[in-house]
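First comes the structure, then the notes that go with it.
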Amino acid sequence: MKIRTLGRHVREGVKNLGRNGWMSFASISAVAITLLILGVFFILAMNVNYFAQSVEKQVEIRVFLDVLATKENVQQVEENIKAIPKVASVTFIPKDEGLKQFKESLGEKAYLFEGLEKDNPLPDAFVVKTTQPQDTSAVAAQIKKLEFVNNLNYGEGTVEKLFAVTGAVRNVGIAFIIGLGFTAMFLIANTIKLTIVARRREIEIMKLVGATNWFIRWPFFVEGLLMGIAGALIPTIMLAVGYYYLLDAIHSSFEASQLFKLLPLFPLVNQVALALLAIGAFIGIWGSLVSVRRFLRV
Amino acid sequence: MKIRTLGRHVREGVKNLGRNGWMSFASISAVAITLLILGVFFILAMNVNYFAQSVEKQVEIRVFLDVLATKENVQQVEENIKAIPKVASVTFIPKDEGLKQFKESLGEKAYLFEGLEKDNPLPDAFVVKTTQPQDTSAVAAQIKKLEFVNNLNYGEGTVEKLFAVTGAVRNVGIAFIIGLGFTAMFLIANTIKLTIVARRREIEIMKLVGATNWFIRWPFFVEGLLMGIAGALIPTIMLAVGYYYLLDAIHSSFEASQLFKLLPLFPLVNQVALALLAIGAFIGIWGSLVSVRRFLRV
Amino acid sequence: MIEMFDVWKTYPNGTNALKGVNIKIEKGEFVYVVGPSGAGKSTFIKLMYREEKPTKGQIFLGGFNVSRIKERQIPLVRRSIGVVFQDFKLLPTLTVFENVAFAMEVIEANPKQIKPRVLDVLGLVKLKHKAKMLPSELSGGEQQRVALARALVNNPGIIIADEPTGNLDPETSWEIMKLFEEINQRGTTVVMATHNREIVNTMRKRVVAIEAGTIARDEQRGEYGYED
Amino acid sequence: MIEMFDVWKTYPNGTNALKGVNIKIEKGEFVYVVGPSGAGKSTFIKLMYREEKPTKGQIFLGGFNVSRIKERQIPLVRRSIGVVFQDFKLLPTLTVFENVAFAMEVIEANPKQIKPRVLDVLGLVKLKHKAKMLPSELSGGEQQRVALARALVNNPGIIIADEPTGNLDPETSWEIMKLFEEINQRGTTVVMATHNREIVNTMRKRVVAIEAGTIARDEQRGEYGYED
Ligand SMILES: Nc1ncnc2c1ncn2[C@@H]1O[C@H](COP(=O)(O)OP(=O)(O)OP(=O)(O)O)[C@@H](O)[C@H]1O
Ligand SMILES: Nc1ncnc2c1ncn2[C@@H]1O[C@H](COP(=O)(O)OP(=O)(O)OP(=O)(O)O)[C@@H](O)[C@H]1O
Ligand SMILES: [Mg+2]
Ligand SMILES: [Mg+2]
């Protein structure tokens, strides 16, 4: 193919969008709507994942020390804990601080334990965080073996449940996004096919006039690419603007901003834009080429 | 129109599905895929709502009585509480039972309060449930005013947050379902339009041969209806079978069945079937009629 | 039967296809419409069955004022006319039989009468053996004859044919012309655009010559004219 | 130039369109293909540019064995032929100019030469003034002339025309025929299916008569035949 022919194909692809105006419009809007749905769920899934992560990050191990442990012993324990792989941070909680925190956690019921300060039953403690929340129980088992560690608490049972739930939510989310991605692809390819079937006669005529398969394919390729990109740009812009205003609305209300911690605009919007444009362009091209092929056997 | 002509139109509509075989197939599968997505999210939303409800149902008011209250006083308080509108149930918790429950709620930390049984600091209490979880704080305020009620606890602050979250989740779910419903409608109508645009020449010819608008519309009406119904039946069956196996899988694993409490197969499947068939049939008809209209002006 | 008063037709793209046409065609007449390519013959014909609307002027056909008619009444006009279109206009997904039967279904004819009548007419155009084929499986001339059969099937009072022999060999053309003559003898008005000099000069009828959008000649028992 | 050896064509629906055709057409010949409607003329022609594949037999055209050719080479065969299709086959979304230019773009002609050449050819068929219109805005005869212009534009070595004057008035038909004659005189092979007795009998050339799928007659400087 000569270079100038490539130019002709690009021009022709662009013109065809106009020549089949109504069809192009129908196709592009179908692509846009489909990708909009995909984008919304992509953003939703990313935020659910973010939320699950932030919940998981709250998991910590509370290590209660022997009441008889001396200052040196305590330091020794701290170093021992730090030496365990996958431990991210170790914070010392003196027993007075521990009681305060405990009463805070009881909320209104705290008054029931008013007199406890005089004879604090709590020992000194460490709060340990792991690099990966999922490592918690493994690390806890190792800490338990250390000297001067009397007891520890990381919500055994509850934490495993939590990870089961967040893991399941994540898997369901991924399954949904993949499923949606495929159905979106199917719907887009299907729409493009329908517009091309309506032009089967034209493809046949072109072949009868002596056009090679590639000569026919190229403008459809360009057309499909443009439809895909146009159909992806619309929802990308809508999602970016919509998400911006959503964040804005949430941040402007103190209550809502406490309840819903959402991902910031960037890089989320970039990721969405990339995903949608890639899918749009790919399916636009693929859909046209595959459908054209059916009618090239003339 | 004569009755026998109606028969002709129905026959013709059915035949047209075959005559435009490939197009019908493309249309029906697009309808099916779109409604499948809608159905999946419908089921998801119903289950999320169900989960939110079950969490909300756990909200209860714990009413602590004055330590000095006599048996008669206690009975009096119970009757007074029962007299408050929107109270669903009142359960008496003697102080020993109360301490047991409290220690259970502490889990591993319970050992810190070993000696407490000897000198139980807890008073007798009532657990009050309201008919609507959202009424909790209003009811609580009324109970607080009663005689011999020393204090009460229903997670003030937390409960309001919970309702804000479940409310938000519910609203987002409804918004999603409505949004998805409309986009599904748009996509289906769009696909049907594309198949009909490909037949615009035929519609023009029919008009030139002397057919009235309704004579042309009827077979399209039947065709649209059949496409819509066929396109709705496929996802309905897929969802029913899929959900059945999902429930089965969850019930067969003890862990999963503890974590995920899903709605039973019925009446959920019936609701989904009804919704999808209604949408499919309605949009099938509407999509064809609207698209045909564009080409009737000949 | 058919009357036009100062009829003008300008297409949306600006082409002036007809410029002030006046004509009166009586019931039972047989009229050839002749003229060079692009003169306006098809436009003249399309105005009668309201495929096109005149830009100016009045057209009467049967009892209808075709130029002022209500949308709802257009099908009634079209049913009173049998049209053979220049480009056939067969329904591509229907068989030959179904295409012809369609014209009868449109007027809600008794279903029992449809089958024998359609086969009858297909016999007249010698296509009974192709009844079950699709238009795409026919030769050009065969398609043209199906279009003719469809125009005849309802025994309309007026037959309008746009070059009904353009794709036919002379022998078949003559058979078709004899068919037209026969139908005309039974009282049907026939308006036929044609380029076939042989037919026009042999089977003498009224000749309306259209040139550049105006009626240049209108003769009873006329000739094709335009000798080279 | 074109040779067929025992060529049979049975369509998928069972129609036997050609039954053992043998023919040899030399370079620079002018051949009329005549015969009744449905005889197999279009099929005969479609086999040459490979719109249809023969069921049996060999076809040679230029240097190609058209009946055994590879998929990839079909465009090459078609480019060496200019075809006027019986149903025109114009691209509906392209203007007259673009339709004709398309045939030149296909062979990747120099873009600078396309415009003057297309306007030239449109001039030959007297349609320069309709260059910017869509096929749907043309009369039947005008569409046919666009199809002709497209077939001529690349100066192919062979012109195959399926009833190129079917929708044209006698005068325009004669102009077109003179064009064919001229092109033929310059060495182009012309194969033309036609129903036009006047033309065949006046402009005497080789006549191949096809009847019911076989060559019934093959005469140099022949007549149309089939007197009625
Ligand atoms: N739909 C249309 N839009 C614009 N112009 C048109 C349209 N149809 C026809 N014309 C133009 O109107 C003029 C008359 O066309 P018409 O089809 O009536 O010619 P005709 O006499 O039937 O020719 P032919 O013998 O070639 O069929 C021509 O110049 C043609 O180009
Ligand atoms: N695609 C097809 N499928 C099946 N049968 C066909 C097809 N095309 C043509 N035929 C049949 O083959 C026979 C020859 O057709 P062909 O088109 O070659 O005739 P023709 O000589 O060109 O006739 P005409 O003068 O009417 O154009 C006819 O009986 C026709 O019905
Ligand atoms: Mg015409
Ligand atoms: Mg033919």
Side-chain angles (χ1 to χ4, degrees), chain B residues 1-27 192 194-224 226-227 288-289 292-298, chain C residues 42 45-46 48-53 62 64 70-95 98-114 134-136 143 146-147 149-154 156 158 160 162:
Chain B
M1 190 179 64
K2 298 173 189 167
I3 289 294
R4 65 183 186 215
T5 314
L6 185 63
R8 180 257 174 206
H9 291 324
V10 173
R11 272 196 309 279
E12 209 64 10
V14 175
K15 277 191 204 163
N16 278 342
L17 278 179
R19 283 178 186 140
N20 303 287
W22 192 86
M23 286 260 180
S24 310
F25 175 76
S27 265
I192 290 178
L194 283 174
T195 68
I196 288 179
V197 173
R199 283 153 75 186
R200 61 182 301 168
R201 284 255 316 147
E202 292 175 50
I203 296 173
E204 285 170 17
I205 293 174
M206 291 179 193
K207 280 233 65 176
L208 289 179
V209 173
T212 59
N213 290 350
W214 273 109
F215 191 89
I216 294 170
R217 273 189 204 120
W218 269 104
F220 277 103
F221 176 96
V222 173
E223 213 182 321
L226 290 178
M227 288 202 296
S288 344
L289 291 190
V292 169
R293 197 177 50 192
R294 299 181 57 228
F295 306 120
L296 286 176
R297 309 217 149 269
V298 180
Chain C
S42 295
I45 276 180
K46 284 177 184 170
M48 295 182 188
Y49 60 87
R50 189 53 158 69
E51 182 172 342
E52 297 291 348
K53 227 174 154 164
F64 303 99
K70 276 189 214 118
E71 182 86 36
R72 273 200 13 256
Q73 290 193 296
I74 296 175
L76 299 182
V77 177
R78 291 182 182 156
R79 288 174 193 185
S80 65
I81 311 174
V83 184
V84 186
F85 303 93
Q86 190 169 11
D87 54 355
F88 317 152
K89 294 206 196 293
L90 300 177
L91 292 162
T93 56
L94 301 191
T95 64
E98 289 168 336
N99 260 289
V100 179
F102 187 82
M104 288 188 82
E105 289 171 357
V106 157
I107 58 164
E108 301 195 40
N110 185 339
K112 290 206 190 77
Q113 290 167 359
I114 292 182
L134 293 174
S136 60
Q143 289 179 37
V146 177
R150 182 178 59 188
L152 299 180
V153 74
N154 284 334
I158 307 172
I160 293 179
D162 202 347

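Chain A is the first sequence line, chain B the second, and so forth, proteins listed ahead of strands; every chain is numbered from 1.
- Contact annotation for L90(C): only backbone heavy atoms (N, CA, C, O) come within less than 4.5 Å of a heavy atom of chain B.
- If you measure heavy-atom distances from E12(B) to chain C, the contacts under 4.5 Å come from the side chain alone.
- At a 4.5 Å heavy-atom cutoff, the contact between R201(B) and chain C is made by side-chain atoms alone.
- At a 4.5 Å heavy-atom cutoff, the contact between E71(C) and chain B is made by side-chain atoms alone.
- No part of A147(C) comes within reach of chain B, as not one of its non-hydrogen atoms sits under 4.5 angstrom from that chain.
- Separation of atoms CD1 (I203(B)) and CG (L91(C)) is listed at 10.5 Å; rounding is to 0.5 Å.
- Ring geometry for W218(B) versus H9(B): interplanar angle under 30°, hence parallel rather than tilted (30 to 60°).
- Chosen from K53(C), E52(C), K89(C), the residue pairing most often with chain B at heavy-atom distances under 4.5 Å is K89(C).
- Using a 4.5 Å cut-off between heavy atoms, K15(B) contacts chain C through its side chain alone, with no backbone atom that close.
- For N154(C), no part lies near chain B; criterion is any non-hydrogen pair under 4.5 Å.
- Taking both residues in full, the closest heavy atoms of P219(B) and N16(B) are given as CB-ND2, 4.1 Å, listed atom of the first, atom of the second, then distance.
- In this structure, no portion of I216(B) lies under 4.5 Å from any heavy atom of chain C.
- For the side chain to side chain contact (heavy atoms under 4.5 Å, CB included) with L134(C), the qualifying choice from N99(C), T93(C), T95(C) is T95(C), the only one to do so.
- Looking at R72(C), there are no atoms closer than 4.5 Å to chain B (heavy atoms on both sides), in backbone or side chain.
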field: Worked verdict on K207(B) versus N213(B) for side chain to side chain contact (heavy atoms under 4.5 Å, CB included)
entry: CA-CA 8 Å; K207(B) 280 233 65 176; N213(B) 290 350; 2.8 Å; yes
